[in-house]
Each structure stands twice: as structure tokens, then as C-alpha cells.
Amino acid sequence: MDLETGRKMKGLSRKTQNNILIPLRGVFDLICKPPSRVSNPVEGIDNQKIQKANPDPFAPDEVELILKEMQKRFGEVMTDYFEFSFFAGLRASEHIALRWEDVDLRKATVLVRRSKVMTMEKDRTKTNVERTVELNQRAAGVIQRQRARTAAMNAEVFYNPNTGAPYHDEQSQRRAWRLTLRAIGVRYRAPKECRDTSVTLALMAGANPMWVAMQHGHSVQVMMRDYAKWIPSADRGANLAAVNAAISTQATPRKEAI
């Protein structure tokens, strides 16, 4: 790697650097594979260590403030895009790739089996596992409204209201998102936190963590590691009461000491 390339890479985030190096390393591994005598220019260049950020979801009242201001500034179509983000919890790459053939209006479900990353369509999700998402009332309401807008096209569910074309990536939505949060004074978090908000809203409502994990394409390990602290807020003493009820029925009465 030359000095100029190295200088440009330093200006990128560690995650972006890794996203560039991983496929680049694969290409050079093939080129330099024996019997080739070409030396591998990326040999010894390891991925950058990345500190994983904790979920930073929005509170329920913040969600409503955001959607109200979004509608006032950017209209119903853009607002519905983010309402679906908050209440369906798909990854952005899955969200923009969702097609009408994956929507079951009768059952109010969507089949998540494809993604769109950096304008490239893929017939798989990030985890290479398809899943069926049961839509709550808010998410299902968005789908019904989108039906009138885009179902006749028989392609993607969500279209960019500024271009009339399907979304190619998640960048064009960020301007509306950033300006909306700034206008209402809500602390900025990236749009990906809509997905974390969907997870935490479900957990705080008392939904089974296993079901929440399946809905969002998480493993149970990720659910318990990253989101466990939101589970007790829905408990309201129910778990302790269940334990007390179980041990009280199993306990053998103790004799009083003489």
C-alpha cells in the first residue's frame, strides 16, 4: 500500500477501512496464490480493532416527536419510511430492498430475504438467513398506506419521494433525518438506532426475548448481551412473583424448633 493510499485510509473510520481491506485481501490472496511468485502487498495488514457501540435507542416520546416533525417538514411518504423503521425494525439494507412479493397483507407479515448494499441488490440478508416478521399495528399501517402508493409497480415497497424511484442506499434519507432531529432538539443518533428502538420497545412491552430476537434477525446470545437491561422494565415484579409462587408450592413446611 503506497503512502497516498495509506493517508486516505487514515481519514476513514476503522469499520470502513476493514470493509475495504477484507475484499481487497481476498483478491490479492487469489492473485498471489502459488505457483504465482507475486508478493502479496496486503500481507501483514490486519483489520482495525473496533469498539462495539452499545444500543442507543430512542424513548417512546422521542419517536412520536420525530415522526410528527418529520411529517410537517418532509411529508407523509418520508415519515412512513421512518415509522416503518421504528416499528418493524428491519436493517436499512433489508428495508430498502423489501418487495411487494415478500409482503403478505392478509397475515400482516413480511418475508425478509434480500438486501441492497451500496446500490447492489443481494438475494440474501446480512446473516444469510431469511425470516418472517410479524408486523405490529404501526408497521402494518405503513404497509397499507404504501400499498396505495407503490403496489401497482409490483417492485419495491418504499420509493424515494424526491426521485420517484426505489432507494439505492440509506444516504438520501439522512438529510431529512438529521434536520428533523436538529429542529426538535433530540440528541442525534444515526438512523440505525430506529432498529434498536424497535427491539427495546418490544422488550419493554413484555414480549418474549426469543420472539423479539427472531423478529429482528438476532441470535439469542446477542439479545441477552446487548438488550438484557431493557427486559426488567416490562417485568413489574412478574418474574419474582412467578419464582415465589413456584418455591412456595414446592416448599416443605418447617417444624418450629423446640
Side-chain angles (χ1 to χ4, degrees), residues 53-100 102-103 105 108-110 112 115-119 126 133-153 155-205 207 212 215-217 227 230:
N54 292 324
D56 191 8
F58 293 88
D61 64 320
E62 290 179 318
V63 172
E64 301 308 328
L65 283 172
I66 290 168
L67 295 177
K68 183 178 179 180
E69 183 68 19
M70 182 79 68
Q71 181 165 349
K72 183 173 73 174
R73 287 175 169 267
F74 299 99
E76 291 187 357
V77 176
M78 185 65 76
T79 305
D80 278 341
Y81 175 92
F82 282 106
E83 184 163 357
F84 194 77
S85 294
F86 277 125
F87 293 100
L90 276 59
R91 297 178 179 89
S93 60
E94 300 165 344
H95 186 155
I96 63 177
L98 186 66
R99 299 177 68 89
W100 280 110
D102 302 324
V103 177
L105 292 167
T109 62
V110 295
V112 181
S115 60
K116 192 182 291 186
V117 180
M118 298 178 68
T119 75
K126 179 181 178 181
V133 175
E134 300 177 67
L135 301 178
N136 56 42
Q137 292 179 351
R138 297 287 293 270
V142 171
I143 290 294
Q144 288 296 341
R145 293 190 292 274
Q146 285 297 114
R147 182 185 184 188
R149 297 167 182 150
T150 65
M153 301 176 190
E156 282 87 351
V157 174
F158 293 92
Y159 276 57
N160 186 334
N162 298 319
T163 65
Y167 286 106
H168 293 302
D169 54 37
E170 58 175 313
Q171 298 305 312
S172 58
Q173 304 89 305
R174 284 179 176 263
R175 178 178 178 274
W177 175 259
R178 184 175 61 256
L179 292 176
T180 298
L181 267 61
R182 182 184 300 169
I184 58 179
V186 170
R187 180 173 60 82
Y188 183 83
R189 281 90 102 194
K192 70 180 183 64
E193 292 301 335
C194 293
R195 176 170 158 81
D196 283 334
T197 302
S198 176
V199 173
T200 55
L201 287 176
L203 293 174
M204 290 188 294
V212 178
Q215 283 277 108
H216 293 86
Y227 301 97
W230 281 277

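In what follows, every heavy atom counts, from backbone to side chain, and hydrogens, waters and symmetry copies are set aside.
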Please name the pair of heavy atoms, one in [X] and one in [Y], separated by the smallest distance, quoted to 0.1 Å.
{"X": "Ala88", "Y": "His216", "answer": "O-NE2, 4.1 Å"}
{"X": "Pro57", "Y": "Thr200", "answer": "CB-OG1, 3.5 Å"}
{"X": "Pro55", "Y": "Asp196", "answer": "CA-OD2, 3.6 Å"}
{"X": "Ala140", "Y": "Leu135", "answer": "N-CB, 4.0 Å"}
{"X": "Arg91", "Y": "Gly217", "answer": "NH2-O, 3.2 Å"}
{"X": "Val77", "Y": "Arg149", "answer": "CG2-NE, 3.8 Å"}

Any side-chain heavy-atom pair of [X] and [Y] under 4.5 Å:
{"X": "Leu65", "Y": "Lys68", "result": "no"}
{"X": "Val110", "Y": "Val103", "result": "yes"}
{"X": "Phe84", "Y": "Leu90", "result": "yes"}
{"X": "Phe82", "Y": "Gln173", "result": "yes"}

Quick one: does [X]'s side chain have a donor or acceptor within less than 3.5 Å of a partner on [Y]'s backbone?
{"X": "Ser115", "Y": "Ser93", "value": "no"}
{"X": "Thr150", "Y": "Val157", "value": "yes"}
{"X": "Arg195", "Y": "Gly89", "value": "yes"}
{"X": "Gln215", "Y": "Glu134", "value": "yes"}

Point-to-point distance, once rounded to the nearest 0.5 Å, from [atom1] of [X] to [atom2] of [Y]:
{"X": "Phe158", "Y": "Ile96", "atom1": "CZ", "atom2": "CD1", "result": "11.5 Å"}
{"X": "Glu170", "Y": "Lys116", "atom1": "CD", "atom2": "NZ", "result": "12.5 Å"}
{"X": "Leu67", "Y": "Phe86", "atom1": "CG", "atom2": "CZ", "result": "5.5 Å"}
{"X": "Glu83", "Y": "Arg145", "atom1": "CD", "atom2": "CZ", "result": "5.5 Å"}
{"X": "Phe74", "Y": "Asn162", "atom1": "CZ", "atom2": "CG", "result": "9.0 Å"}
{"X": "Phe87", "Y": "Cys194", "atom1": "CZ", "atom2": "SG", "result": "10.0 Å"}

* To do: Taking atom CD of Gln137 as the centre, report whether more than 12 heavy atoms of other residues, nucleotides or ligands fall under 6.0 Å from it.
  =>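 Not buried by this count: 12 neighbours or fewer within 6.0 Å.
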* Arg147 atom CZ, neighbour heavy-atom count above 12 within 6.0 Å ->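 Counting other residues, nucleotides and ligands, CZ of Arg147 stays at 12 neighbours or fewer.
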* To do: Apply the test side-chain contact (heavy atoms from CB on, under 4.5 Å) to residues Trp100 and Gln146: give CA-CA distance (whole Å), side-chain angles for both, the deciding distance (0.1 Å), then the verdict.
  => CA-CA 10 Å; Trp100 280 110; Gln146 285 297 114; 4.0 Å; yes
* Arg187/Glu193 under salt bridge (charged side-chain N to carboxylate O under 4.0 Å, His left out): CA gap, chis, key distance, verdict -> CA-CA 12 Å; Arg187 180 173 60 82; Glu193 292 301 335; over 6 Å; no
* **Arg73 with Glu69: basic N within carboxylate O range, under 4.0 Å** =>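 Salt bridge: yes.
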* Asked: Going by the angle between their ring planes, with limits at 30° and 60°, are Tyr167 and Tyr81 parallel, tilted or perpendicular?
  ->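 Plane angle between 30° and 60°, so tilted.
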* For Arg175, all residues meeting salt bridge (charged side-chain N to carboxylate O under 4.0 Å, His left out), sequence neighbours excluded ->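 Expected list: none.
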N/O donor to acceptor pairs below 3.5 angstrom from side-chain atoms of residues 177-185, sequence neighbours left out:
unit_1	atom_1	unit_2	atom_2	d
Trp177	NE1	Arg189	O	2.9
Thr180	OG1	Ala176	O	2.7

